[in-house]
Amino acid sequence: MITLRKACFLAAVCIAISALCNNKAIAAEGPENVIVQNSTDENAALRTVLKSKGNLMGQVYRDFDGDGDLEMVALVQSSAVAGKVSDGSGSADMVYFVDGDKATLVFEKSEDDPLFYKGAIYAAKVKNGYIIVCESDYAATESLSYEWFINKKGEIKILPNMMMHLIYEGNNQFTALYSTYDMEFDDDMKFGIGHTWKNYDFYWNGKQFVEYGGKKISVNKLKSYTGGKKIVKEILAANSDYKISSIYYRNNGRINVNLKSTYEGGYSYRNVTLKITKGKLTYYTDYRLESSYGNTPLTRATNEGYYKKAVKIKGVKVEYPE
């Protein structure tokens with residue numbers, strides 16, 4: 001990776017020098033297809049196109065269609081919203097795609113919809129194009145991710161809304177936080193209490209998002225992996241009031257162990273996330289969850305609530321292990 005970056009930098013320098021000598025602006029075909037010469041001027045020109053549309057609240061620049069010129073996807077705050085927002089967050093209600101001097105409205109939120117956070121936009125380079133992700137102010141304790149796919153021709157496709165904080169992990173892999181109330185259940189109540197957040201994993205197959213669905217496996221199967229017996233023993237010893245209720249294996253090597261404790265009048269859940277690499281089982285620390293701040297690999301892999309077989313987001317394919 002370092003060698004590639006150095007090579008791209010040297011190539012960019014040569015192109016820039018050549019451009020200066022010939023009094024021309026030339027595009028560099030680097031990893032992100034970023035304009036080397038006059039990029040500041042080009043960015044400013046793209047932003048100018050949106051002046052009449054409202055306040056610019058966040059943007060990303062890429063050569064999405066491979067024509068050698070930058071395009072821009074931007075969050076814009078319309079005049080209808082500008083007078084209502086005072087803190088500068090959650091303040092954009094429109095998404096624009098700007099190509100040259102043309103601005104295309106990609107998405108506009110209705111008056112009652114939650115707004116996009118200021119600056120909450122990024123571009124992920126994936127198979128066959130880019131995915132644009134924007135985060136909206138969905139509720140006091142959670143948000144909602146909006147996505148658009150831009151192919152190599154610059155054509156835009158609206159994707160299904162994902163869960164909160166969709167993060168690109170590289171190599172077409174994504175994670176998103178699932179918000180629910182599943183820490184405890186009372187026998188007299190039909191819903192859970194205790195707010196929990198859990199990461200679910202997805203990948204982009206070039207056409208759509210695919211969720212890593214879970215296949216139920218037994219405790220004996222878990223023990224059959226290298227290090228499995230030791231880990232099962234440690235989990236049960238550290239959670240003496242809990243029993244293993246279900247275990248889900250996923251194709252990306254994640255294993256979610258659900259634990260259930262039953263008491264008079266109700267029951268509670270917690271979970272431990274593991275990963276398997278070449279047949280060896282280890283604890284998995286999710287850096288975005290509160291449990292990642294524990295003192296041991298086990299506590300850092302433990303969280304409240306329980307993992308589902310799959311979240312099953314509308315419009316998203318689910319892939320289960322064979």
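Everything numeric here is computed off the predicted structure, so don't read it as measured data.
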Measuring from atom [atom1] of [X] to atom [atom2] of [Y], what distance do you get when rounded to the nearest 0.5 angstrom?
X      : Y      : atom1 : atom2 : value
Leu281 : Ile231 : CG    : CD1   : 4.0 Å
Asn271 : Asp182 : CG    : CG    : 8.5 Å
Leu75  : Asn55  : CG    : CG    : 12.0 Å
Ile150 : Arg62  : CD1   : CZ    : 10.5 Å
Thr175 : Leu166 : OG1   : CG    : 7.0 Å
Asn128 : Lys152 : CG    : NZ    : 5.5 Å

Has [X] got a side-chain atom pairing as donor or acceptor with [Y]'s backbone, closer than 3.5 angstrom?
X      : Y      : answer
Asp113 : Ser110 : yes
Asn172 : Tyr203 : no
Glu147 : Leu159 : no
Tyr122 : Tyr168 : yes
Ser136 : Leu115 : no
Asp99  : Lys102 : no
Thr299 : Thr296 : yes
Asp63  : Gly68  : yes
Thr277 : Lys280 : no
Ser246 : Asn258 : no

### Task
Tell me, with the steps shown, if Ser145 and His165 meet side chain to side chain donor-acceptor pair (under 3.5 Å).
CA-CA 6 Å; Ser145 296; His165 298 306; over 6 Å; no
State yes or no: do [X] and [Y] share one hydrophobic cluster built from I, L, V, M, F, W and Y residues joined by side-chain heavy-atom distances below 4.5 Å, directly or via other members?
X      : Y      : answer
Val257 : Tyr178 : no
Leu274 : Val232 : yes
Ile276 : Leu298 : yes
Ile121 : Met57  : yes
Tyr306 : Met183 : no

### Task
If you link ILVMFWY side chains whenever their heavy atoms are less than 4.5 Å apart, which other residues fall into the same cluster as Tyr263? By chain and number, please.
none
### Nearest non-hydrogen partners of Met164 and Ser179, listed with the distance
SD-CB, 4.2 Å
### Task
Any chance you could lay out the side-chain contact (heavy atoms from CB on, under 4.5 Å) test for Tyr283 and Ile235, step after step, and finish with the verdict?
CA-CA 10 Å; Tyr283 294 108; Ile235 290 174; 4.3 Å; yes
So, do [X] and [Y] have ring centers that fall under 6.0 Å from each other?
X      : Y      : value
Trp204 : Phe149 : yes
Tyr146 : Phe107 : yes
Phe202 : Phe174 : no

### Message
Show, in sequence, the C-alpha distance, side-chain angles and deciding distance for Asn251 and Glu319, and conclude whether the side chain to side chain donor-acceptor pair (under 3.5 Å) test is met.
### Response
CA-CA 8 Å; Asn251 274 343; Glu319 174 186 276; 3.1 Å; yes
### Query
Got a sec: does the NZ of Lys223 have more than 12 other heavy atoms crowding it under 6.0 Å?
no
### Query
Can you tell me if CG on Asp101 sees more than 12 non-hydrogen neighbours from other groups inside 6.0 Å?
no
Is any side-chain heavy atom of [Y] closer than 4.5 Å to one of [X]?
X      : Y      : answer
Arg270 : Thr302 : yes
Ile156 : Phe97  : yes
Asn303 : Thr196 : no

### Message
If the test is ring-ring contact (aromatic ring centres under 6.0 Å, His included), which one of Tyr248, Tyr249, Tyr200 qualifies with Tyr307?
### Response
Tyr200
### Message
Please tell me whether Ser261 and Asp241 have a donor and an acceptor in their side chains that are separated by less than 3.5 angstrom.
### Response
no
Give every donor-acceptor pair under 3.5 Å between a side-chain atom in residues 205-216 and any protein atom, sequence neighbours left out.
residue: Asn205; atom: OD1; partner: Lys207; partner atom: N; Å: 2.8
residue: Asn205; atom: OD1; partner: Gln208; partner atom: N; Å: 2.8
residue: Glu211; atom: OE1; partner: Val311; partner atom: N; Å: 3.4
residue: Glu211; atom: OE1; partner: Lys312; partner atom: N; Å: 3.1
residue: Glu211; atom: OE2; partner: Val311; partner atom: N; Å: 2.7
residue: Tyr212; atom: OH; partner: Gln173; partner atom: OE1; Å: 2.7
residue: Lys215; atom: NZ; partner: Glu322; partner atom: O; Å: 2.7

### Task
Return each pair, listed once, that meets salt bridge (charged side-chain N to carboxylate O under 4.0 Å, His left out) where at least one residue sits in residues 242-262; pairs must be two or more places apart or across chains.
Asp201-Arg254
### Task
Decide whether a cation-pi geometry holds between Lys109 and Phe116; the criteria are a distance under 6.0 Å from NZ or CZ to the six-membered ring centre and an angle within 45° of the ring axis.
yes
